[in-house]
Protein chains: 2
Amino acid sequence: MKQIQNTKTHLIEAGIKPSYQRIKIFEYLIENLNHPTVDMIYKDLVPYIPTLSKTTVYNTLKFFVDKGITQIINIENNETRYDADTSTHGHFKCIKCGNIYDFSFNESNLNIKQIENFEIKQTHLYIKGVCEKCKNKNN
Amino acid sequence: MKQIQNTKTHLIEAGIKPSYQRIKIFEYLIENLNHPTVDMIYKDLVPYIPTLSKTTVYNTLKFFVDKGITQIINIENNETRYDADTSTHGHFKCIKCGNIYDFSFNESNLNIKQIENFEIKQTHLYIKGVCEKCKNKNN
DNA sequence: TTCATTTCTGTAATTATTACAATTATAAAA
DNA sequence: TTTTATAATTGTAATAATTACAGAAATGAA
Ligand SMILES: [Mn+2]
Ligand SMILES: [Mn+2]
Ligand SMILES: [Zn+2]
Ligand SMILES: [Zn+2]
């Protein structure tokens, strides 16, 4: 994932006016690449921004997604997660500990025949299973 | 996808007592492989089963998933879809017409390094974009 | 038929998300 | 600096999907 030095500059470059809340929410995303939910972001930030509204978190994330600096990760229904890494990469969700791990994969290796003439915008790959840590624990 | 001749037998083989509702819901799934939502299933079946409850549709689908004869397809958050084809296959969602297309892909080609020692239970791949029909329409 | 168990149903509760109007902040114009 | 317009944030209400739960109905054995 491309390293981001300055949050403010990164927001401006994406056409986003860098308000206090937006900066804090985006910084949270790049510091917590564990694919947090709205609720996690809100609960973790509200002690530092007591006036923060959950609606702002929702609105801001939607805005980030529209502007292309955040992507939505759908693994479990009813829990939308967010990722500041917008590159195409895979996610592994451990069914024991719940952790979500990033991994890279080669999209071109998939060589899919049935949708050859379709226009691809986004590719999402996720795997569910048991991570190495949890596998070793249960032995 | 493996062809299912007799719904009743298929349910029994999966350890599911074939009640009237269960048979109808499963038959709906194999006749409508367009990955319906609970709401679609309910709305389409209730004219034929006037006493049907949406809760039954929810419960039955959960039961089918537990017993391994149905899988959940998560593409859009807030819309859980169901698929009687439990084989590992990909889904393409057209952002224009909303149709979901099945496609096959070679899982073994992925050879992902980062999760080599992880135990894989399920692999989900979905692609978003514009299908061939919609692409041609907009020209 | 009786009884126990399973399945189904309807309603209420819960949770995530969105709509919306009011408030606050920002920044340009006077 | 004050005024004014616009944008961002907030809080509450509304919506929608899902789950909890208790009662009714169906099933199947005793
Ligand atoms: Mn990621
Ligand atoms: Mn499918
Ligand atoms: Zn784990
Ligand atoms: Zn289409």
Side-chain angles (χ1 to χ4, degrees), chain A residues 7-8 10-12 14-29 35-67 69-83 98, chain B residues 7-8 10-12 14-29 35-67 69-83 98:
Chain A
T7 309
K8 206 176 273 195
H10 188 70
L11 293 179
I12 291 166
I16 298 166
K17 211 177 283 183
S19 73
Y20 182 67
Q21 287 86 340
R22 287 170 178 175
I23 291 167
K24 288 298 172 194
I25 292 170
F26 195 75
E27 277 176 350
Y28 184 90
L29 285 179
H35 316 91
T37 63
V38 163
D39 213 56
M40 289 159 74
I41 300 168
Y42 174 75
K43 286 214 173 93
D44 286 352
L45 286 182
V46 79
Y48 303 99
I49 316 167
T51 61
L52 184 65
S53 163
K54 201 179 265 191
T55 301
T56 301
V57 181
Y58 275 107
N59 291 341
T60 303
L61 289 168
K62 185 169 290 182
F63 194 44
F64 286 173
V65 171
D66 284 349
K67 295 296 184 181
I69 60 165
T70 298
Q71 70 167 316
I72 292 174
I73 305 300
N74 279 312
I75 298 179
E76 236 59 72
N77 54 327
N78 75 30
E79 79 167 24
T80 307
R81 291 169 170 273
Y82 296 87
D83 194 342
Chain B
T7 308
K8 205 175 274 193
H10 187 72
L11 293 179
I12 291 166
I16 298 166
K17 212 177 281 184
S19 73
Y20 181 68
Q21 288 85 342
R22 287 170 179 176
I23 291 168
K24 289 298 172 192
I25 292 170
F26 196 74
E27 277 176 349
Y28 183 90
L29 284 180
H35 317 91
T37 62
V38 163
D39 212 58
M40 290 160 73
I41 300 168
Y42 174 75
K43 286 213 173 92
D44 286 352
L45 286 182
V46 79
Y48 304 101
I49 316 167
T51 61
L52 184 65
S53 164
K54 199 178 266 191
T55 301
T56 301
V57 180
Y58 274 107
N59 291 340
T60 303
L61 288 169
K62 186 169 286 182
F63 194 44
F64 287 173
V65 171
D66 284 348
K67 295 295 184 180
I69 60 165
T70 298
Q71 70 166 318
I72 292 175
I73 306 299
N74 279 313
I75 299 180
E76 236 58 71
N77 54 328
N78 76 28
E79 80 170 23
T80 307
R81 292 171 170 272
Y82 295 88
D83 195 342

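Lettering follows sequence order; numbering is per chain, from 1. Everything quoted here is computed from the prediction, not taken from an experiment.
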Sugar-phosphate, base or nothing in reach of Asn59(A), heavy atoms under 4.0 Å: base
Side-chain touch Thr70(A)/Phe63(A), heavy atoms, less than 4.5 angstrom: no
Any side-chain heavy-atom pair of Tyr42(B) and Thr56(B) under 4.5 Å: no
Expressed as a whole number of angstroms, how long is the span from [X]:[atom1] to [N]:[atom2]?
X: Tyr58(B); N: dA20(D); atom1: OH; atom2: C1'; answer: 14 Å
X: Tyr20(B); N: dG28(D); atom1: OH; atom2: C1'; answer: 21 Å
X: Tyr42(B); N: dA16(D); atom1: OH; atom2: C1'; answer: 15 Å
X: Glu79(A); N: dA17(D); atom1: CD; atom2: P; answer: 18 Å
X: Leu61(A); N: dT9(D); atom1: CG; atom2: P; answer: 12 Å
X: Arg22(A); N: dA7(D); atom1: CZ; atom2: P; answer: 11 Å
X: Gln21(B); N: dA25(D); atom1: CD; atom2: C1'; answer: 10 Å
X: Ile16(A); N: dT9(D); atom1: CD1; atom2: P; answer: 11 Å

Covered region of DNA chain C, 5' end to 3' end, by chain B [heavy atoms, under 4.0 Å]: dT6(C) to dT17(C)
Proximal nucleotide (of dA8(D), dG11(D), dT19(D)) relative to the Thr55(B) side chain: dT19(D)
Among dG11(D), dC21(D), dT18(D), the one nearest Thr80(B) by side-chain distance: dT18(D)
Tyr48(A) and Lys24(A): CA distance, side-chain angles, deciding distance, side chain to side chain contact (heavy atoms under 4.5 Å, CB included) verdict: CA-CA 9 Å; Tyr48(A) 303 99; Lys24(A) 288 298 172 194; over 6 Å; no
Under 3.5 Å: donor-acceptor pair, side chain of Arg22(B), backbone of Thr60(B): no
Test item: Arg81(B) side-chain N/O and Ile73(B) main-chain N/O as donor-acceptor pair under 3.5 Å: no
Steps toward side chain to side chain contact (heavy atoms under 4.5 Å, CB included) verdict (Ile25(A), Val57(A)): CA-CA 7 Å; Ile25(A) 292 170; Val57(A) 181; 4.3 Å; yes
N or O in side chain of Lys54(B) less than 4.0 angstrom from dA17(D) OP1/OP2: no
Comparing Lys17(B) and Asn78(B) on DNA chain D - which has the more 5′ nearest nucleotide: Asn78(B)
Evaluation steps, side chain to side chain contact (heavy atoms under 4.5 Å, CB included), between Ile41(B) and Leu61(B): CA-CA 10 Å; Ile41(B) 300 168; Leu61(B) 288 169; 3.8 Å; yes
